[in-house]
Structures are given as structure tokens and as C-alpha cells.
2 protein chains.
Amino acid sequence: MAFAETFKALSDPVRRQILELLKKGPLSAGDIGSHFEMTGATISYHLKILKQADLIFESREKNFIYYQLNTSVLEEIMLWISQLKGGESGAESK
Amino acid sequence: MAFAETFKALSDPVRRQILELLKKGPLSAGDIGSHFEMTGATISYHLKILKQADLIFESREKNFIYYQLNTSVLEEIMLWISQLKGGESGAESK
DNA sequence: AAGCTATTTAGATGTTTTTCTAAATACAAT
DNA sequence: ATTGTATTTAGAAAAACATCTAAATAGCTT
């Protein structure tokens, strides 16, 4: 579990926006790219980083590669932050 | 509210470790530095970034500057992540 | 198999980040 | 007022990052 990688991945605004796009459902690399003023190559670079951080995963279909959110890692980040805040369990009952 | 700044600040391992140290209570810049193999100047640089991100605040006392965690911003980060995960409210009752 | 579309990889480039050393500031204590 | 301790600021250098263009790969579709 490469914790550091996840935070690094989340530190870029473009990548966060990609995650937000994917929140609504899977998108192809091209679809994602169409939301930015950036070459496909650059989008591909960001996708690779998100993938390495386990924040997204891909599924190939026909000629396309569809990307979707992987929320399980987000859970871990939340836990880390909870512990920092709460000093303890992370299950903060509120 | 500089959201991006907060994520940037959290993206460095040294800075995250500083936050973890501060979880146990306030520490002076020197105390913090003693946990790392790094010059005081570099620690000071990281503290500045954490401060700008509103993740810590300082209070001067005698000849020292004590730093402590500011958890309020962490709340916002948690909310962003919740929304990404949950698709909605962020108040996930669980 | 040839050509088309979608995406990635390679290599180059400018920018940002992290780190250092040296110097500056701030305050305390003698 | 001088010296000493704690910390920051300035400037430089190396490493990491985000971006581009051009070329490569992968998989349709004819």
C-alpha cells in the first residue's frame, strides 16, 4: 500500500478534477481529455499516476479504455486524516 | 479557502510526519527538526508550507515558536473525499 | 492487410519543489 | 551592550513534475 503515492496523486488539481468526473461513472481516456485544454498524452500521464496510486482502474472494451474510480483507497486516506484529527480510532462517532 | 494548497501540503511525507508529531501536542521548530535528518532551514520551509495551508498555527513563547495542529481544515478535506466516495452528502451515516 | 481511431510511450523542455549553505532577525541572558 | 540560542530568509543547485510534439502500439473495420 503506497500511501505516499496516493497523496501525491491527489495533490494535482487536474487529477482531482478527473476523479470528480469519474464520480458520475466510467469514462474513456478520450472523454476525460475533452474536459481539459491539454493533449491526450498529458491526460494519459495523469491517468497513469492515478492508476499507480490505485485511485482508478481501467477496463478495456472495444477500442476504448474506460476508467473508473476506486474508492477503497479513499477509505484509507480518510482513516489517516481521522486519526490525525481525532487522536484515536478514526471511527469518530460524532 | 485554498483547497489546492492543503492537498499540496499533505503530499509531502516529511510534512505528513510533522503533522503526526504535532498530533501529540505542540512542539517548537527545533523539537520538530530533531526528528529529521535535515537542516533547520528545511524544516522551517516545510513549516511555512503547512502554515500557509492552514494545517498548523504557531504561538510564540519566550525565545521559541511553538507549532500545533489545526484540525479544522482537515474537516474540509474529509468532506471532499466523502463526497467523492459517497457520491453525495458526505455525512455518510454508516 | 491497410487504414482509421484511441491511447500510450519516449524524449525534450520549462516550471516547481526540496534541499543545502550562509546570512539575517528576534529575543533572552548575562 | 554583547553574546548566545532559536528560527527564518535568501540564493543556489539538484531532483521531480507537468506539459508538449512526435512516434509507437493496440484494436477495430473495411
Side-chain angles (χ1 to χ4, degrees), chain A residues 2-22 24-70 73 77, chain B residues 2-22 24-70 73 77:
Chain A
F3 204 51
E5 245 172 345
T6 311
F7 270 112
K8 251 313 162 42
L10 286 173
S11 76
D12 184 89
V14 171
R15 291 193 290 265
R16 286 198 303 277
Q17 212 180 323
I18 290 175
L19 294 178
E20 283 177 351
L21 286 173
L22 292 179
K24 295 167 198 143
L27 291 175
S28 72
D31 288 342
I32 292 168
S34 73
H35 287 81
F36 298 89
E37 297 275 311
M38 219 168 261
T39 66
T42 299
I43 294 298
S44 184
Y45 160 77
H46 285 301
L47 289 173
K48 187 175 74 184
I49 288 183
L50 287 169
K51 207 171 10 172
Q52 283 169 349
D54 242 356
L55 284 164
I56 61 176
F57 60 94
E58 65 186 32
S59 49
R60 290 162 181 271
E61 189 169 336
K62 288 191 69 177
N63 210 4
F64 299 83
I65 304 180
Y66 286 94
Y67 287 96
Q68 51 197 304
L69 261 182
N70 178 14
V73 185
I77 298 293
Chain B
F3 202 51
E5 243 172 348
T6 311
F7 269 112
K8 255 311 167 42
L10 287 173
S11 76
D12 183 89
V14 172
R15 290 192 292 264
R16 285 196 305 276
Q17 213 181 320
I18 290 175
L19 294 179
E20 282 177 351
L21 287 172
L22 293 179
K24 294 165 198 144
L27 291 174
S28 72
D31 289 343
I32 293 169
S34 73
H35 287 82
F36 299 89
E37 297 276 310
M38 219 167 261
T39 66
T42 299
I43 295 299
S44 184
Y45 159 78
H46 285 301
L47 290 172
K48 187 175 75 183
I49 289 185
L50 287 169
K51 207 172 8 171
Q52 282 168 351
D54 241 358
L55 283 164
I56 61 176
F57 60 95
E58 65 185 33
S59 49
R60 290 161 182 271
E61 188 169 337
K62 288 190 67 178
N63 210 4
F64 300 82
I65 304 181
Y66 287 95
Y67 286 95
Q68 52 197 304
L69 260 183
N70 177 14
V73 184
I77 299 293

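Protein chains get the first letters and strands the later ones, always in sequence-line order, with residue 1 at the start of each. Heavy-atom basis, side chains included; hydrogens, waters and symmetry copies ignored. Quick caveat: nothing in here was measured; it's all calculated off a predicted structure.
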- Round to the nearest Å and state the distance from B:M38 atom CE to C:dT17 atom C1'. 13 Å

- Closest nucleotide of DNA chain D for B:I43 versus for A:A41: which of these residues is on the 5' side? B:I43

- Presence of A:H46 side-chain N/O under 4.0 Å of D:dT19 phosphate oxygens OP1/OP2: yes

- Item | B:Y67 side-chain N/O to D:dT8 phosphate OP1/OP2 under 4.0 Å | yes

- Note on the structure: The nucleotide from D:dC20, C:dT8, D:dT7 with an atom nearest the side chain of B:I65 is D:dT7

- Rounded off to whole Å, could you give me the CG-to-C1' distance for the A:N63 and C:dG3 pair? 13 Å

- Counting any heavy atom closer than 4.0 Å, what does A:G40 reach on the DNA or RNA strands: base, sugar-phosphate only, or nothing? base

- Message: Determine whether B:I18 and B:L27 satisfy the following criterion, side chain to side chain contact (heavy atoms under 4.5 Å, CB included), listing intermediate values before the conclusion.
- Response: CA-CA 10 Å; B:I18 290 175; B:L27 291 174; over 6 Å; no

- Query: Among C:dT7, D:dT7, D:dA26, which is the nearest nucleotide to the side chain of B:F64?
  - Reply: D:dT7

- Message: Please confirm whether the shortest side-chain N or O distance from B:K62 to OP1 or OP2 of C:dA29 is below 4.0 Å.
- Response: yes

- Task: Could you state the atom-to-atom distance from NZ of B:K8 to P of D:dC17 in whole Å?
- Result: 10 Å

- Shortest non-hydrogen contact from B:L47 to B:A29? CD1-CB, 3.9 Å

- Closest of D:dT9, D:dC17, C:dT18 to the B:K48 side chain is D:dT9

- Should B:L22 and B:Q68 be marked as a side chain to side chain contact (heavy atoms under 4.5 Å, CB included) after you check the CA-CA gap, both sets of side-chain angles, and the distance that decides it? CA-CA 6 Å; B:L22 293 179; B:Q68 52 197 304; 5.5 Å; no

- Task: Rounded off to whole Å, could you give me the OH-to-C1' distance for the A:Y66 and C:dA6 pair?
- Result: 11 Å

- Please tell me which of the listed nucleotides, C:dT19, C:dT9, C:dC20, lies nearest to the side chain of B:T39? C:dC20

- Message: What is the distance, to the nearest angstrom, from the CZ atom on B:R60 to the C1' atom on D:dT5?
- Response: 15 Å

- Item | Between C1' of D:dT8 and CD1 of B:I32, the distance in whole Å | 14 Å

- Out of C:dT17, D:dA18, C:dC20, which nucleotide sits closest to the side chain of B:T42? C:dC20

- Check against side chain to side chain contact (heavy atoms under 4.5 Å, CB included), A:F3 and A:I77: CA-CA 8 Å; A:F3 204 51; A:I77 298 293; 3.8 Å; yes

- Given atom CD of B:Q52 and atom P of D:dT8, what is their separation to the nearest angstrom? 12 Å

- Query: Please give, in whole Å, the distance from D:dA18 P to A:F36 CZ?
  - Reply: 13 Å

- Among D:dT8, D:dT29, C:dT7, which nucleotide sits nearest the side chain of B:A29? D:dT8

- Derivation and outcome, side chain to side chain contact (heavy atoms under 4.5 Å, CB included), residues A:F64 and A:D31: CA-CA 10 Å; A:F64 299 83; A:D31 288 342; over 6 Å; no

- Item | Side chain of A:S28 (C-beta onward), nearest among C:dC20, C:dT18, C:dT7 | C:dT7

